[in-house]
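Before any comments, here is the structure.
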Amino acid sequence: MLFRGDKMNCHKCDAKAVISLQHGSLCKSHFLSYFEEKVFRTINKFQLIERKDKLCIATSGGKDSLTVLYLTKKYLEKYNCNNELFALAVDEGIAKYREKTLRDLHHFCREQNIRLETVSFNEELGKNLDVAYPFINKGTKKKPCHICGVWRRYLLNKQARDLGATKVVTGHNLDDEAQAIVMNLFKANTKIAGRLGPISGIEEQELFVQRVKPLYFCLEKEVRLYTILKGWQVQFAECPYSHTGYRHDIQEMLNEFEQKYKGTKQGIINSFLAMLPLLREEERKQPEEIKPCQECGEAANQEVCNACKMKAIIQSC
Amino acid sequence: MKISVHIERTNTTQKIDFSGITVRQLLCQLDLNLETVLVARNNEVLTEEETLQENDLLEILSVISGG
């Protein structure tokens, strides 16, 4: 016989639980409410969306981006906001991976009546990642995740700004953020760490569109559960390059810790948020000079931005 | 008990001799981290403390995807 509060039952009602959280177990219905309220509370608490904002949702078709796309739209409807919203997808050109998730994304946006814009590495930078990676790696030893990250951020910012967006909404979840915090900590990148948080960046910059993260407090496991319970067709798709990066090792380490010591990832986030004002204050004392790249005019902290430097390597091959 | 397990990540199904009782014990036997998977039976997601039955057909869904 099961009782209220039993591990297999929801702690709010007698229904069968679908997840055990630190504060108790939840059934499908209570989990969906808990998850959505957590996202909406994050948006409100950190003022991620203002009434004047035109929102660009960075999407890939994976579980995180579909969730953030759906919930941002739902938030706007719930609070009677008339903000314009569109989805933007970057096709890196990774064979047997991105085409799957983009198919799901097209289907989802059609169903949800959301405008979808797409941009590709091939069209904008001359080569897709599969082709560009060996050339760039040969001379620089840069790993595919590094190259992809530089070009993705570059294109998202450029396209979002060209399309008039004032905020880029991303699907970064609690696991992503905890990994980024630990990666920067291990590499003593306090400057970069200061740009993390629910709203990215230290100061508003003319050339940068601010990035905001409504799923900041949602565990990756919770996001996947949300998509399953919503009945969305999110195929399992893993980037073939994902095991090559430093992040992968940090991810495994944090999951080991989380399994052994529940609440580890949340603890990292909470500690980081307590330190973030200090990191940003320190950065403001010696701000990095941002100027237009001499090649493309996009934001750069050197004469030529990293995206153009990598583009030049391919063109010289 | 004998149970069948379909693993989404590798798209493989295997029949295994399970010596435990709960989902948590099964994941331990399969050497899978609790934080990286969800387990479903008949399209219903199970908690880690759920009791398994003889001839169960389970789906092990991967939490981690993307890059």
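Within every chain, numbering begins at 1; the chains are lettered A, B, ... in the order of the sequence lines, protein sequences first and strands thereafter.
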Problem set entry | A/Glu256 versus chain B, the contacting section by heavy-atom distance below 4.5 Å | both
Exercise. Above 12 or not: heavy atoms from other molecules or residues under 6.0 Å from CZ of A/Arg152?
Worked result: yes
Problem set entry | Residue pairs fulfilling salt bridge (charged side-chain N to carboxylate O under 4.0 Å, His left out) with at least one residue in residues 16-29 of chain A, sequence neighbours excluded | A/Lys16-B/Glu44, A/Lys16-B/Glu50
Exercise. Is it the backbone or the side chain of B/Leu34 that comes under 4.5 Å from a heavy atom of chain A, or both, or neither?
Worked result: both
Exercise. Just wondering, more than 12 heavy atoms not from A/Lys260 lying within 6.0 Å of its NZ?
Worked result: no
Exercise. Would one find more than 12 heavy atoms of other residues, nucleotides or ligands at under 6.0 Å from atom CZ of A/Phe257?
Worked result: no
Exercise. Mind checking whether B/Val45 and A/Ile19 have side chains closer than 4.5 Å, heavy atoms only?
Worked result: no
Problem set entry | Nearest heavy atoms of A/Lys221 and B/Leu38, plus distance in Å | CE-CD2, 3.7 Å
Problem set entry | chain A contact via B/Ser62 - which portion, at a heavy-atom distance below 4.5 Å | both
Exercise. Which residue out of A/Gln259, A/Glu222, A/Lys265, A/His248 racks up the most heavy-atom pairs below 4.5 Å with chain B?
Worked result: A/Gln259
Exercise. Between atom CG of A/Leu21 and atom OG1 of B/Thr47, what is the distance when rounded to the nearest 0.5 Å?
Worked result: 11.0 Å
Exercise. Looking at side-chain heavy atoms only, is the closest gap between A/Met8 and B/Thr51 below 4.5 Å?
Worked result: yes
For this session: Look at atom CD1 of B/Ile16 and say whether more than 12 heavy atoms of other residues, nucleotides or ligands are closer to it than 6.0 Å.
Result: yes
Problem set entry | Carboxylate-amine/guanidinium proximity below 4.0 Å for A/Lys262 and B/Glu35 | yes
Exercise. Passes side chain to side chain contact (heavy atoms under 4.5 Å, CB included), A/Asn255 versus B/Ile64? Steps please.
Worked result: CA-CA 11 Å; A/Asn255 280 329; B/Ile64 299 164; 3.6 Å; yes
Exercise. Does any heavy atom of chain B fall under 4.5 Å from the side chain of A/Ile228, the backbone, both, or neither of them?
Worked result: side chain
